[in-house]
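Below is one structure, written out as structure tokens, with a few remarks after it.
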Amino acid sequence: MNTRDAFFHIIDGKLFIVSPTAMRTFVDEYEVGCHDESYLDVQDGIQCMNRHIKTASGRNLHVVTVIKSQNPINGYLVALSDEVKRIHTTNNTALMMNEG
């Protein structure tokens with residue numbers, strides 16, 4: 001979490017899940033699905049749970065910017081559970097949330 005190649009980051013006190021990278025890795029690691037687009041099923045599952053925070057404009061995916069390179073990263077934003085807050089609450093200062 002919060003490292004350069006991580007799929008999960010703490011941003012503005014919330015969990016940011018890098019998409020589609022985290023979903024593709026999940027599909028590959030757990031051999032879920034049977035086609036190249038199986039990661040989309042994982043994304044759909046996240047959206048169906050309705051636990052993510054939508055952007056101000058109603059989009060499912062948020063965009064953050066890597067401050068040093070100015071590269072954008074897409075992902076889902078989720079409220080942190082109390083368990084995660086007790087373990088890791090430090091914001092990733094290398095990323096900046098874009099307005100959405």
Side-chain angles (χ1 to χ4, degrees):
M1 187 177 298
N2 282 353
T3 62
R4 180 180 179 170
D5 295 325
F7 304 134
F8 305 98
H9 302 276
I10 305 294
I11 301 175
D12 293 343
K14 297 172 184 67
L15 179 65
F16 182 80
I17 305 169
V18 178
S19 180
T21 308
M23 289 67 180
R24 287 181 190 263
T25 301
F26 177 83
V27 167
D28 292 344
E29 291 290 320
Y30 292 97
E31 299 177 354
V32 176
C34 57
H35 52 85
D36 290 341
E37 302 298 312
S38 292
Y39 76 94
L40 292 171
D41 296 335
V42 176
Q43 285 188 175
D44 287 344
I46 288 174
Q47 291 174 195
C48 286
M49 289 188 299
N50 204 28
R51 303 283 300 208
H52 62 292
I53 300 165
K54 292 188 177 187
T55 66
S57 62
R59 294 185 63 231
N60 290 309
L61 293 174
H62 289 258
V63 179
V64 299
T65 300
V66 179
I67 295 170
K68 191 172 186 178
S69 67
Q70 293 299 300
N71 289 332
I73 302 173
N74 293 320
Y76 290 95
L77 199 61
V78 179
L80 290 174
S81 67
D82 290 338
E83 292 82 14
V84 174
K85 285 179 185 177
R86 284 193 289 271
I87 297 169
H88 202 304
T89 58
T90 305
N91 284 315
N92 186 335
T93 58
L95 301 175
M96 179 179 64
M97 180 66 72
N98 295 350
E99 296 298 318

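Side chains included, hydrogens not; waters and symmetry mates left out as well; all remaining heavy atoms used. Numbers for residues simply follow the sequence, beginning at 1.
In this structure, Leu95 CG and Thr65 OG1 are separated by 8.5 Å, a value rounded to the nearest 0.5 Å. To the nearest 0.5 Å, the span separating CD on Glu29 from CZ on Arg24 amounts to 14.5 Å. Taking OG1 of Thr3 as the start and CG of Asp5 as the end, the distance is 6.5 Å to the nearest 0.5 Å. Distance NE2/His52 to CG/Asn50: 6.0 Å, rounded to 0.5 Å. In this structure, CD1 in Ile17 is found 11.0 Å from NE2 in His62, a value given to the nearest 0.5 Å.
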**Study point:** Criterion side chain to side chain contact (heavy atoms under 4.5 Å, CB included) on Arg51 and Tyr76, from CA distance to verdict
**Key:** CA-CA 10 Å; Arg51 303 283 300 208; Tyr76 290 95; over 6 Å; no

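Of the N and O atoms on the side chains of Ser19 and Asn74, not one donor lies less than 3.5 Å from an acceptor on the other residue.
Applying the 4.5 Å side-chain rule to ILVMFWY residues, one finds that Ile87 remains a lone member of its cluster.
Ile11 and Met1 end up in different hydrophobic clusters when Ile, Leu, Val, Met, Phe, Trp and Tyr side chains are linked at under 4.5 Å. Leu61 and Phe26 end up in the same hydrophobic cluster when Ile, Leu, Val, Met, Phe, Trp and Tyr side chains are linked at under 4.5 Å. A continuous path of Ile, Leu, Val, Met, Phe, Trp and Tyr side chains, each step under 4.5 Å between heavy atoms, connects Leu40 with Ile46, placing both in one hydrophobic cluster.
Every residue two or more places apart in sequence or in another chain that forms a side-chain contact (heavy atoms from CB on, under 4.5 Å) with Ser69 is listed here: Val66, Asn71. When the ring-ring contact (aromatic ring centres under 6.0 Å, His included) test is applied to Phe7, no partner is found at least two apart in sequence or on another chain. Every residue two or more places apart in sequence or in another chain that forms a side-chain contact (heavy atoms from CB on, under 4.5 Å) with Asp12 is listed here: Met97. Taking the side-chain contact (heavy atoms from CB on, under 4.5 Å) definition, one finds that Glu83 meets it with Ser81, Arg86, sequence neighbours left out. Residues that satisfy the side-chain contact (heavy atoms from CB on, under 4.5 Å) test with Asn2, not counting sequence neighbours, are His9, Ile10, His88, Asn92.
Nearest heavy-atom pair, Gln70 versus Ile67, reported as atom, atom and distance to 0.1 Å: NE2-O, 2.8 Å. Across all non-hydrogen atoms, the minimal contact from Ala79 to Ile53 is N-CD1, 3.8 Å. When all heavy atoms are compared, the tightest approach of Ile73 to Phe16 is O-CZ, 3.6 Å. When all heavy atoms of Asn91 and Gly13 are compared, the pair lying nearest together is OD1-N, 2.8 Å.
Each of Val42, Asp44, Val18 was compared with Met23 under the side-chain contact (heavy atoms from CB on, under 4.5 Å) criterion, and only Val42 meets it.
In this structure, Asn60 and Lys54 have side chains that are in contact, with non-hydrogen atoms separated by less than 4.5 Å.
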